[in-house]
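Position 1 is the first residue of the sequence; numbering continues from there. Computed over heavy atoms, backbone and side chain alike; hydrogens, waters and symmetry mates excluded. Everything quoted here is computed from the prediction, not taken from an experiment.
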Amino acid sequence: RIVAEAGPEDSVPVLVERINRIYEKKIGPLTDFTEVKKEYNELMLSVEAQMEEKVRVKEDPLKAAMLYARAANYIDFGAFNNVNHETLFELLDEAAAQELAPKVYREFRQELESAEKLVYVTDNCGEVVMDKIVMKLLKEQYPQLHITALVRGRQALNDVTIEDAGQVDLHSVAEVMTNGSGVTGTPIAYISQEARRLLHGADVIVAKGQGNYETMNGCGLNVYYSFLCKCDWFQKRFGLPKNTGVFIREKE
């Protein structure tokens with residue numbers, strides 16, 4: 001019935017969240033990712049200083065940091081039953097030699113020059129440590145920016161919540177706000193009014209991960225999406241091999 005009665009704005013993550021609520025009532029608790037989230041946050045925190053050193057010696061440190069953060073989008077227990085440490089570090093090693101869509105990145109940089117409010121919509125634990133480096137560099141290079149990191153309002157797979165943000169000290173580089181939702185994404189119609197006002201008031205939005213693309217695509221806001229193509233639908237949608245990075249703008 002949930003699927004049959006879905007509206008045109010109801011993306012897969014929204015429907016899954018509704019089905020999960022029924023599952024909890026009729027069957028029992030969902031898989032608890034608390035320990036997995038701690039594990040990957042600690043793993044990436046252990047290499048945070050090393051990764052920051054790597055990006056700071058690049059010609060364009062912000063671009064390098066964004067490439068590493070996109071590669072870390074691999075840490076996704078919604079897309080994969082098993083996240084492999086070896087694959088993760090292979091993707092990180094390969095990230096620096098990759099490219100952000102040049103035209104989109106150029107527009108992103110141009111907009112940051114005059115932007116005052118940036119919202120960074122996070123995705124997975126572990127990945128958020130690399131996002132933290134991106135936010136640190138954004139603040140250094142564009143000191144006029146007020147950066148808010150948006151996290152999930154409730155437990156949703158291995159996505160970042162306010163507790164996870166505390167574990168990685170995300171508050172040191174940005175204001176942190178929850179979106180009031182347990183969806184593995186950011187469906188504008190179903191997040192809190194406060195989070196909705198935040199997004200509508202932003203000059204620039206960075207949204208990480210497939211779930212945020214699925215739930216925000218078509219919203220009309222000034223969103224730059226950054227993610228890996230990890231499942232069949234995304235590979236077909238963008239015509240790219242598995243684990244290929246995408247950097248795309250909502251307005252295009």
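The side-chain heavy atoms of Glu250 and Leu221, taken from C-beta on, include no pair separated by under 4.5 Å. Residues Arg21 and Ile2 form no side-chain contact, since every pair of their non-hydrogen atoms from C-beta on lies 4.5 Å or further apart. Looking at Glu127 and Val160, their side chains never come closer than 4.5 Å, going by heavy atoms from C-beta outward. At least one side-chain heavy atom of Val36 sits under 4.5 Å from a side-chain heavy atom of Phe77. Annotation: side chain of Arg70 is not in contact with side chain of Met66 (no heavy-atom distance under 4.5 Å).
Here Glu42 does not pair with Lys38 in a salt bridge; the nearest charged N to carboxylate O distance is not below 4.0 Å.
For Tyr74 and His85, the distance between ring centers is not under 6.0 angstrom.
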Between Lys132 and Ser172, is the side chain to side chain contact (heavy atoms under 4.5 Å, CB included) condition met? List the steps. CA-CA 9 Å; Lys132 179 183 167 187; Ser172 66; 3.8 Å; yes
Where do Leu150 and Leu199 land on the side chain to side chain contact (heavy atoms under 4.5 Å, CB included) test, with the steps shown first? CA-CA 9 Å; Leu150 195 62; Leu199 291 171; 4.3 Å; yes
Checking Lys136 against Glu48 for the salt bridge (Lys or Arg N to Asp or Glu O under 4.0 Å) test, could you report, in this order, the C-alpha distance in whole Å, the side-chain angles of both residues, the deciding distance, and whether it holds? CA-CA 12 Å; Lys136 181 186 286 190; Glu48 179 183 8; 5.1 Å; no
Does Leu112 form a side chain to side chain contact (heavy atoms under 4.5 Å, CB included) with Gln141? I'd like the steps, not just the answer. CA-CA 9 Å; Leu112 290 175; Gln141 296 186 19; over 6 Å; no
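Using a distance-only test at 3.5 Å, with no hydrogens or angles considered, a donor-acceptor pair links the side chain of Tyr40 to the main chain of Val83. With Asn158 contributing its side chain and Phe33 its backbone, the two residues share no donor-acceptor pair below 3.5 Å. A donor-acceptor pair under 3.5 Å links the side-chain atoms of Asp164 to the main chain of Thr161, judged by distance alone. Between the side chain of Asn41 and the backbone N or O of Val129 there is no donor-acceptor pair closer than 3.5 Å. Checked by atom type and distance alone, the side chain of Asn73 pairs as donor or acceptor with a backbone atom of Leu228 at under 3.5 Å. At distances below 3.5 Å, not a single donor-acceptor pair connects side-chain atoms of Asn212 with backbone N or O atoms of Gly209. Side-chain atoms of Tyr105 do not come within 3.5 Å of backbone N or O of Glu99 as any donor-acceptor pair.
With a 6.0 Å cutoff to the six-membered ring centre and a 45° limit on the axis angle, Arg18 counts as a cation-pi contact of Tyr190.
The distance from atom OH of Tyr142 to atom CD of Glu111, rounded to the nearest 0.5 Å, is 11.0 Å. In this structure, CE in Met135 is found 8.5 Å from CG in Leu138, a value given to the nearest 0.5 Å. Note that CG of Asp123 and OG1 of Thr184 are 8.0 Å apart. Values are rounded to the nearest 0.5 Å. In this structure, the separation between OG1 on Thr34 and CD on Glu163 is 9.0 Å, given to the nearest 0.5 Å. Here the CG-NZ distance, from Leu157 to Lys37, works out to 9.5 Å after rounding to the nearest 0.5 Å. The distance from atom NZ of Lys103 to atom CZ of Arg249, rounded to the nearest 0.5 Å, is 7.5 Å.
A single hydrophobic cluster is seen to contain both Val47 and Leu170, as judged by linkage of ILVMFWY side chains at heavy-atom distances under 4.5 Å, directly or through other members. Under the 4.5 Å side-chain heavy-atom criterion for grouping Ile, Leu, Val, Met, Phe, Trp and Tyr, Val128 is connected to Leu62 within one hydrophobic cluster.
Test Tyr224, Phe227, Tyr120 against Lys208 for side chain to side chain contact (heavy atoms under 4.5 Å, CB included) and you get one pass: Tyr120. A side chain to side chain contact (heavy atoms under 4.5 Å, CB included) with Val176 is found for one member of Val151, Ile147, Thr148, Thr122 and no other, namely Val151.
Atom NZ of Lys139 has more than 12 neighbouring heavy atoms from other residues, nucleotides or ligands inside a 6.0 Å radius. By the neighbour-count criterion of 12 heavy atoms within 6.0 Å, atom CD of Glu116 is sparsely surrounded, having that number or fewer from other residues, nucleotides or ligands.
Within the structure, side-chain hydrogen bond (donor to acceptor under 3.5 Å, both in side chains) contacts touching residues 191-206 (residues at least two apart or in different chains) do not occur.
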